Amino acid sequence: MSKTLVVIIGPTGIGKTSTSIKVANYFDTEIISADSRQIFKELKIGTATPSEEELNAAKHHNIASHSIHDYYSAWEFEQDALKLCSELFTNHDVVVLTGGSMMYIDAVCKGIDELPTIDQELRENLKEQYDREGIETIQRQLKQLDPEFYDQVDLKNHKRVIHAVEICLMTGKAYSLLRTNTVKKRPFNIIKIGLELPREEIYERINKRVDIMLEQGLIEEVKEFYPNKNLNSLNTVGYKELFAAFDGEYDLDRGIELVKRNSRRYAKKQLTWFKRDKEIQWFSPFDTDKIINFIELKK
RNA sequence: GGUACCAUAGCUCAGUAGGUAGAGCAAUGGACUGAAAAUCCAUGUGUCCCUGGUUCGAUCCCAGGUGGUACCA
């Protein structure tokens with residue numbers, strides 16, 4: 001019997017959680033979450049982590065599994081998810097992978113290149129240099145270390161430029177040499193299900209969901225983590241806008257408006273990314289039966 | 001019913017001594033290989049309420065209409 005990973009993706013707020021639970025229950029299996037923020041156990045409301053009830057309706061993995069102080073990345077996720085897959089496939093023919101973190105999804109489905117994890121001190125040094133001197137000197141460094149990547153990279157995107165320099169310095173090799181651009185073969189089939197609705201409806205759902213978060217106590221949750229606002233895990237929609245409001249950059253109403261706007265923009269960005277992937281079969285989140293039929297047919 | 005003011009982008013509004021228009025907010029398109037809910041790039045979307053008049057030319061001036069707001073009855 002062949003093994004199948006059912007990947008359920010879509011923009012934030014579209015209903016991935018409830019669809020995955022239905023699919024997982026139908027195939028009597030478990031869910032691996034691919035969400036770069038729901039992994040943090042401290043964060044609940046602002047990340048729209050599935051409720052207790054939802055978590056009990058199907059077994060979830062990789063939710064609330066880490067602390068906001070932990071380092072985590074797409075590489076760790078690839079390792080963790082593949083390990084979980086091989087464990088789960090011993091008892092199940094189908095495993096569900098769901099989430100909105102585009103790069104995490106691709107890390108599992110296509111794999112990412114072998115690169116060293118960046119030494120923290122090196123990262124801090126480069127960050128300091130960037131803050132002090134701006135992007136230009138780091139750009140020049142990259143031009144010398146890896147002229148090929150220098151010509152390809154978006155030079156204004158400091159994160160990419162810095163990362164490339166980091167890799168060059170860590171490995172002593174040009175970053176572009178380590179980029180293989182190959183898709184890794186997985187020991188299971190992959191079926192990709194995309195959830196979509198008209199843009200307007202997605203936005204309405206998002207706005208409403210933020211209002212619900214506020215009722216659930218979002219402001220209090222964000223206040224609680226204000227001392228950690230510089231952690232990467234807290235540099236995220238729903239938190240960063242309210243931190244800025246607490247800092248007096250604008251009033252609370254504007255902060256809430258920005259949470260909604262940035263959530264909408266995030267959804268748009270996710271759609272841009274996912275639309276490029278021609279393997280995805282798109283469905284309405286209300287068509288669970290069609291989705292299950294499609295999986296039955298293809299698996 | 002009368003008088004005054006207003007009508008321009010999805011919203012709030014600016015503007016044009018008459019030469020088909022621009023800000024803020026919102027929005028749209030895109031990039032993406034270990035921080036990715038991150039980071040970065042690009043884009044003005046318009047029956048200037050309607051119908052006539054004056055004019056080479058009207059979103060702008062004039063008349064009437066429609067809608068809104070305020071005040072007076």
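As the structure is a computational prediction, the values presented were derived from the model and not from experiment. Note on naming: letters A, B, ... go to the chains in the order of the sequence lines (proteins, then strands), and numbering restarts at 1 for each one.
Between A:F89 and A:F188, the angle of the ring planes lies from 30° to 60°, which puts this pair in the tilted group.
A:D131 pairs by the salt bridge (charged side-chain N to carboxylate O under 4.0 Å, His left out) definition with A:K127, not counting sequence neighbours. Checked against side-chain contact (heavy atoms from CB on, under 4.5 Å), A:N125 has the following partners two or more places apart in sequence or in another chain: A:E121. Remark: A:E249 pairs with no residue by the side chain to side chain donor-acceptor pair (under 3.5 Å) rule, at least two apart or across chains. Listed by chain and residue number, A:T98 satisfy the side chain to side chain donor-acceptor pair (under 3.5 Å) test with A:S20 (two or more places apart in sequence, or in another chain). For A:E124, the side-chain contact (heavy atoms from CB on, under 4.5 Å) partners are A:Q120, not counting sequence neighbours. Residues passing the side-chain contact (heavy atoms from CB on, under 4.5 Å) test with A:D28, sequence neighbours excluded: none. Partners of A:E196 by salt bridge (charged side-chain N to carboxylate O under 4.0 Å, His left out), not counting sequence neighbours, listed by chain and number: A:K275. For A:D287, the salt bridge (charged side-chain N to carboxylate O under 4.0 Å, His left out) partners two or more places apart in sequence, or in a different chain, are A:K290.
In this structure, A:Y239 reaches neither bases nor backbone, as no heavy-atom distance under 4.0 Å exists between it and the strands shown. The residue A:Y175 sits close only to the backbone: its heavy atoms come under 4.0 Å of sugar-phosphate atoms, none of a base. Looking at heavy-atom distances under 4.0 Å, A:F77 makes no contact with the nucleic acid at all. At the heavy-atom level, A:N181 lies under 4.0 Å from base atoms of the strands shown. At the heavy-atom level, A:Q270 lies nowhere under 4.0 Å from the strands shown. Residue contacts shown for A:D35 include a base, since a base heavy atom lies under 4.0 Å away. Residue contacts for A:T117: at a heavy-atom cut-off of 4.0 Å it reaches a base atom on one of the strands shown. Here A:G111 lies out of heavy-atom contact (under 4.0 Å) with every strand. A:N235 comes within 4.0 angstrom of the backbone, heavy atoms only, and of no base.
What separates CG of A:D70 from C1' of B:rG34 is a distance of 16 Å, to the nearest Å. Rounded to a whole Å, the CZ atom of A:F40 is 13 Å from the P atom of B:rA38. Taking atom NZ of residue A:K127 and atom C1' of nucleotide B:rU39, one finds them 12 Å apart after rounding to whole Å. Put simply, CG on A:D131 is 15 Å from C1' on B:rA35, counting in whole angstrom units. Rounded to an integer number of Å, the gap from NZ of A:K156 to P of B:rC40 is 11 Å. Nucleotide B:rG34 holds its C1' atom 14 Å from the NE2 atom of A:H66, rounded to whole Å. Here the P atom of nucleotide B:rC40 and the CD1 atom of A:I162 are 11 Å apart, to the nearest Å. Atom NE2 of A:H163 is separated from atom P of B:rC40 by 17 Å (rounded to the nearest Å).
A distance-only check finds a donor-acceptor pair linking the side chain of A:K184 to the backbone of A:I112 [under 3.5 Å]. Checked by atom type and distance alone, the side chain of A:T47 pairs as donor or acceptor with a backbone atom of A:K44 at under 3.5 Å. With hydrogens and angles disregarded, a donor-acceptor distance shorter than 3.5 Å links the side chain of A:D113 to the backbone of A:T180.
For RNA chain B, the neighbouring residues in residues 208-233 of chain A, judged by any heavy atom under 4.0 Å, are A:N232.
For the C1' atoms, the distance linking B:rC48 with B:rU8 amounts to 4 Å, nearest Å. Here the separation of B:rG68 from B:rU12, taken at their P atoms, is 16 Å to the nearest Å. Comparing the P positions of B:rC62 and B:rC6 gives a spacing of 11 Å, expressed to the nearest Å. When the C1' atom is compared between B:rC40 and B:rU45, the two are found 24 Å apart, to the nearest whole Å. When the C1' atom is compared between B:rA26 and B:rU3, the two are found 38 Å apart, to the nearest whole Å. The gap from the C1' atom of B:rA31 to that of B:rG67 amounts to 47 Å, rounded to the nearest Å. When the P atom is compared between B:rG19 and B:rC49, the two are found 16 Å apart, to the nearest whole Å. Across the C1' atoms, B:rA38 and B:rU33 are found 14 Å apart, a figure rounded to whole Å.
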Please list, for nucleotides 9-12 of chain B, all pairs of protein and nucleotide N/O atoms separated by less than 3.5 Å.
none

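Considering only side-chain N and O atoms, A:Y71 lies under 4.0 angstrom from the phosphate OP1 or OP2 of B:rA35. Here A:S101 reaches the OP1 or OP2 of B:rA37: one of its side-chain N or O atoms lies under 4.0 Å away.
No hydrogens or angles considered: nothing links the side chains of A:Y71 and A:E76 as a donor-acceptor pair under 3.5 Å. Judged by distance alone, the side chains of A:E54 and A:S18 never bring a donor and an acceptor atom under 3.5 Å apart. Between the side chains of A:Y130 and A:H158, at least one donor N or O sits under 3.5 Å from an acceptor N or O.
Between A:K143 and A:D151 there is no salt bridge, since none of the side-chain N atoms of the basic residue sits less than 4.0 Å from a carboxylate O of the acidic one.
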Report summary line: Under a 4.0 Å heavy-atom criterion, the protein footprint on nucleotides 24-31 of chain B, written with B, S and -, is -SSSBBSB
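Summary of the strand contacts: A:K159 and A:R123 both lie near RNA chain B, and taking for each the nucleotide with the nearest heavy atom, the more 5' one is attributed to A:R123. Residue order along RNA chain B, read from the 5' end via each residue's closest nucleotide, puts A:D113 first among A:D113 and A:T12.
Side-chain contact check for A:Q139 versus A:Y150: some heavy-atom pair is nearer than 4.5 Å.
Base-pairing analysis of RNA chain B finds the following stems of at least three consecutive Watson-Crick or G-U pairs, with both pairing distances under 3.5 Å: B:1-7 with B:66-72, B:10-13 with B:22-25, B:27-31 with B:39-43, B:49-53 with B:61-65.
Of the candidates B:rA37, B:rC40, B:rU33, the closest approach to any side-chain atom of A:H158 belongs to B:rC40.
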